[in-house]
There are 2 protein chains.
Amino acid sequence: MTKRDDATITLKDVAEAAGVSGITVSRVLRASGPISEATRKRVLEAVKTTGYVHNRLAGVLASARSNLVGVILPSLSNGVFPEVMAGINEALAQSGFQPVVGVTDYDLMKEETVVRSMLSWKPAAIILTGLQHSRNTRRMLEDTPIRVIEIMDAGGRPIDVAIGLSHRDAGSATAQHLIEKGYRRFGYIGPDLERDLRAHDRHEGFRHYLTRHGIAAPVEYLSRETSSISGGKEGLAELLRMKPDLDVVVFSSDDMAIGGVYHCIATGIQLKTQLGIFGFNGLDTGQSLPQPLSTIRSNRHRIGQIAVETFINDVTRPLTSKVIDTGFSIIHGETA
Amino acid sequence: MTKRDDATITLKDVAEAAGVSGITVSRVLRASGPISEATRKRVLEAVKTTGYVHNRLAGVLASARSNLVGVILPSLSNGVFPEVMAGINEALAQSGFQPVVGVTDYDLMKEETVVRSMLSWKPAAIILTGLQHSRNTRRMLEDTPIRVIEIMDAGGRPIDVAIGLSHRDAGSATAQHLIEKGYRRFGYIGPDLERDLRAHDRHEGFRHYLTRHGIAAPVEYLSRETSSISGGKEGLAELLRMKPDLDVVVFSSDDMAIGGVYHCIATGIQLKTQLGIFGFNGLDTGQSLPQPLSTIRSNRHRIGQIAVETFINDVTRPLTSKVIDTGFSIIHGETA
DNA sequence: CGAAATAATGACAGCGCAAACATTTTTCTT
DNA sequence: AAGAAAAATGTTTGCGCTGTCATTATTTCG
């Protein structure tokens, strides 16, 4: 049973050095239970001289309580998710919880694997993206007693809590806003809609609104890859080759929209007047453009904040699930 | 001793359901040791019906072997680090290892806290950024038997392995390259050099090369915040106000350089001919600009790859430390 | 000053799993 | 078919820590 590596320093070693029992050391380190100031000092001293490093594995196993938070994201190359992650990190900073990140590449099967692996670490909570999961993923998450927080989408039935926005609504709001601005000939550029399900919802809301209001359905270019600046750039070039007389193009995300802006700058197309560009997310990078991007802000920061507060305030899963709609707002910008 | 939660399904439960011993189940799940096809099937069946989720905590504790890899990064808002993370993720994907991310905000004290907390999870390896650490951090990392991989910098003495480039050399190469291009009146824009130590090294190499070759020292603008697009944009505006006749500006990173490019686009400054812009990192986002950014590629992808290979190939720390210089290359681009 | 209350510490078991070794079953060899 | 080798499975023990329930010092107060 494990060659006992005599080099590893355990609680017991510290206890001996301090002349107390193991449990006392444990209590000092966790600041739990009453400890006299004298022994406290002695123990901390002993910790320092021995160079002891706490083994949380054993602690979690013994106490069935962990400070890990599983965070499962579809991608890190789409600019949103580093921002989401930063938001979560910030909210987590003071809490003593530690995030473990998993990436799914927008693949629900991969997500299943990642969730299973996450659960095996007995995290205090799991934060994952979207409301659509494989049957097994759902089952695992329903069966676990920990908090499960689905972020970025509020358009469906959550396992425990969902925090986000209705992407369908964001899609129709986009259409409504641009129609009001006077645009009529719509284009749409997005990634593979089969994979990015939230982009899919926005697209539907957008498309329906247009057709319901007597506007021609958008001309579309769907790239096979995931969202990226270069994808948006190429997409717009291609779309304008197919259909040069568009007056506005909606992109599934800010990343792609930025690519669209670059194409316009490179080819001398006048943004807004000659061609409108509209994104989604409200990333900082889009707002730093020479002309700030017209887009929709998804309140990611707030989403991260609420996600973390949710499980800090109540570590046990409530009986009924709940949707928290953090809404969205239109950033008027200079590109549409 | 922990109120035994009878709801949690353990190996034993699966074993009973399958009519075998616990260790057999363990072996099936880890694919270790010889198992007959028949029992294998039965066990997997039992796992499914019971809905068993492996508890790695216990496994790691028992075997003293974990599949966690601690990844400690200074920031997620600087575009490099999501890319580094993506590289590591990619390299890790097939390996069965799982990253745990920690963020230090370029703060060595925070780094110390994060390292301590990481070590408490008994990771198989730790990947962290740079070669400068607090005394305590160094001690902890020297004392641990696991691999410690310091990435992004090859200009110093590593604890175990360092993989990266010499930032000093990159700085002088920048200067040399731009002098050869005919630029003479240099500006420099960077973040707080006290915090970003690698930016500091590049800056030194850059500055020394200039003065050693009879060129006037660069006019400098140092922002107090960390690297960002908007910081670069504002920085360049400010710098040109102070000193309008510069012919090239070197930025500490691509992020900031992109901001510089935006400023030029917004104010109609001709890139390259009227004002050169030069970055560092070679981010995809810089290369997707209307005119690709002139910069230095830091081979981040390769760094991530090698970092992961290093500890996969040899899980125990070798006696002597090693520096792997992945070098850098100039991306000629269209902005300088 | 002594009983009761409180503060401080300790003994021990067990969290769930895997290593080491032990045992049983099957297969192969001649 | 008997013995040797290999394959398959089981038993026991302990990884390092913390919860529970003592036990022992110290304080309080009538």
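Fair warning: this is a prediction, and the values are worked out from it, not measured in the lab.
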Trainee: Phosphate oxygens OP1/OP2 of dT9(D): is one of them under 4.0 Å from a side-chain N or O of S21(B)?
Mentor: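 For dT9(D), neither OP1 nor OP2 has a side-chain N or O of S21(B) closer than 4.0 Å.
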Trainee: For the side chain of A58(A), counting heavy atoms from C-beta on, which of dA20(C), dC17(C), dG16(D) is nearest?
Mentor: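 Closest nucleotide among those given: dG16(D).
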Trainee: Picking from dA18(C), dA11(C), dG16(D), which would you name as closest to the side chain of S26(B)?
Mentor: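 Nearest listed nucleotide: dA18(C).
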Trainee: Taking atom P of dT13(D) as reference, at what distance in whole Å does atom CD1 of I23(B) sit?
Mentor: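 So the CD1-P distance, I23(B) to dT13(D), works out to 15 Å.
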Trainee: Strictly below 4.0 Å: does S63(B) bring a side-chain N or O up to OP1 or OP2 of dC15(D)?
Mentor: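 No, because none of the side-chain N or O atoms of S63(B) sits under 4.0 Å from OP1 or OP2 of dC15(D).
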Trainee: Is the distance from OP1 or OP2 of dT9(C) to the nearest side-chain N or O of S36(A) less than 4.0 Å?
Mentor: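 So the side chain of S36(A) is within the cut-off, an N or O lying under 4.0 Å from OP1 or OP2 of dT9(C).
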Trainee: Taking only side-chain N and O atoms of R65(B), does any of them lie within less than 4.0 angstrom of OP1 or OP2 on dC15(D)?
Mentor: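 No.
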Trainee: On DNA chain D, does the nearest nucleotide to R30(A) precede the nearest nucleotide to T39(B) from the 5' side, or the other way round? Give the residue.
Mentor: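 Closest to the 5' end, via its nearest nucleotide, is T39(B).
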Trainee: Under a plain distance cut-off of 3.5 Å, with no hydrogens placed, do R30(B) and S26(B) share a side-chain donor-acceptor pair?
Mentor: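 S26(B) vs R30(B): donor-acceptor pair found between side chains.
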Trainee: Can you check whether L141(B)'s main-chain N or O pairs, donor with acceptor, with T144(B)'s side chain at less than 3.5 Å?
Mentor: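 Looks like no, no N/O pair under 3.5 Å.
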Trainee: Reckon V20(B) touches a base, only the sugar-phosphate, or nothing at all at heavy-atom distances under 4.0 Å?
Mentor: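 The answer is sugar-phosphate, as V20(B) gets under 4.0 Å only of primed atoms, P, OP1 or OP2.
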Trainee: The side chain of P34(B) is closest to which nucleotide in this list: dA8(C), dA7(D), dA18(C)?
Mentor: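 That would be dA7(D).
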Trainee: Looking just at side-chain N and O atoms, do Q98(A) and N67(A) make a donor-acceptor pair shorter than 3.5 Å?
Mentor: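 N67(A) and Q98(A) do not have a side-chain donor-acceptor pair below 3.5 Å.
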Trainee: When all nucleic acid strands are considered with a 4.0 Å heavy-atom cut-off, which category describes I35(A): base, sugar-phosphate, or nothing?
Mentor: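 Sugar-phosphate, no base atom in range.
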Trainee: Phosphate oxygens OP1/OP2 of dT9(C): is one of them under 4.0 Å from a side-chain N or O of T24(A)?
Mentor: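 Answer is no, no contact under 4.0 Å.
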Trainee: Rounded to the nearest Å, what distance is computed from the CG atom of residue L61(B) to the P atom of nucleotide dC15(C)?
Mentor: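 One finds 13 Å between P of dC15(C) and CG of L61(B), rounded.
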Trainee: Counting only distance, no hydrogens or angles, is the base of dG10(D) paired donor-acceptor with the side chain of R27(B) under 3.5 Å?
Mentor: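 Indeed, a donor on one side and an acceptor on the other fall under 3.5 Å apart.
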Trainee: Rounding to an integer number of Å, can you tell me how far L29(B) CG sits from dA18(C) P?
Mentor: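 Answer to the nearest Å: 8 Å.
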Trainee: Check E37(A) with R40(A), please: is the shortest side-chain N to carboxylate O separation under 4.0 Å?
Mentor: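 Salt bridge flag = yes for E37(A) with R40(A).
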Trainee: Within the structure shown, what part of the strands sits under 4.0 Å from L11(B) by heavy-atom distance: base, sugar-phosphate, or nothing?
Mentor: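 If one applies the 4.0 Å heavy-atom cut-off, L11(B) turns out to touch the sugar-phosphate alone, with no base involved.
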Trainee: Would you mind reading off the distance between R42(A) atom CZ and dT9(C) atom C1', rounded to a whole angstrom?
Mentor: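 From R42(A) CZ to dT9(C) C1': 11 Å.
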Trainee: Is there a donor-acceptor contact under 3.5 Å linking the side chains of R300(B) and S298(B)?
Mentor: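 Result is yes, a qualifying pair exists.
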Trainee: Whole angstroms only, please: what is the CG-P distance between N55(A) and dC15(C)?
Mentor: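 Distance check: N55(A) CG to dC15(C) P gives 18 Å.
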Trainee: For the pair made of CG in L119(A) and P in dG16(C), what is the distance, rounded to whole Å?
Mentor: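 To the nearest whole Å, that distance equals 15 Å.
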Trainee: Find the distance N67(B):CG to dC17(C):P and express it as a whole number of Å.
Mentor: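 Taking atom P of dC17(C) as the reference, CG of N67(B) is at 15 Å.
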Trainee: Rounding to a whole Å, what distance do you find between D13(A):CG and dC17(D):C1'?
Mentor: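 Distance, rounded to whole Å: 13 Å.
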Trainee: Backbone N or O of D107(B) within a donor-acceptor pair of the D105(B) side chain at under 3.5 Å?
Mentor: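 No; zero donor-acceptor contacts below 3.5 Å.
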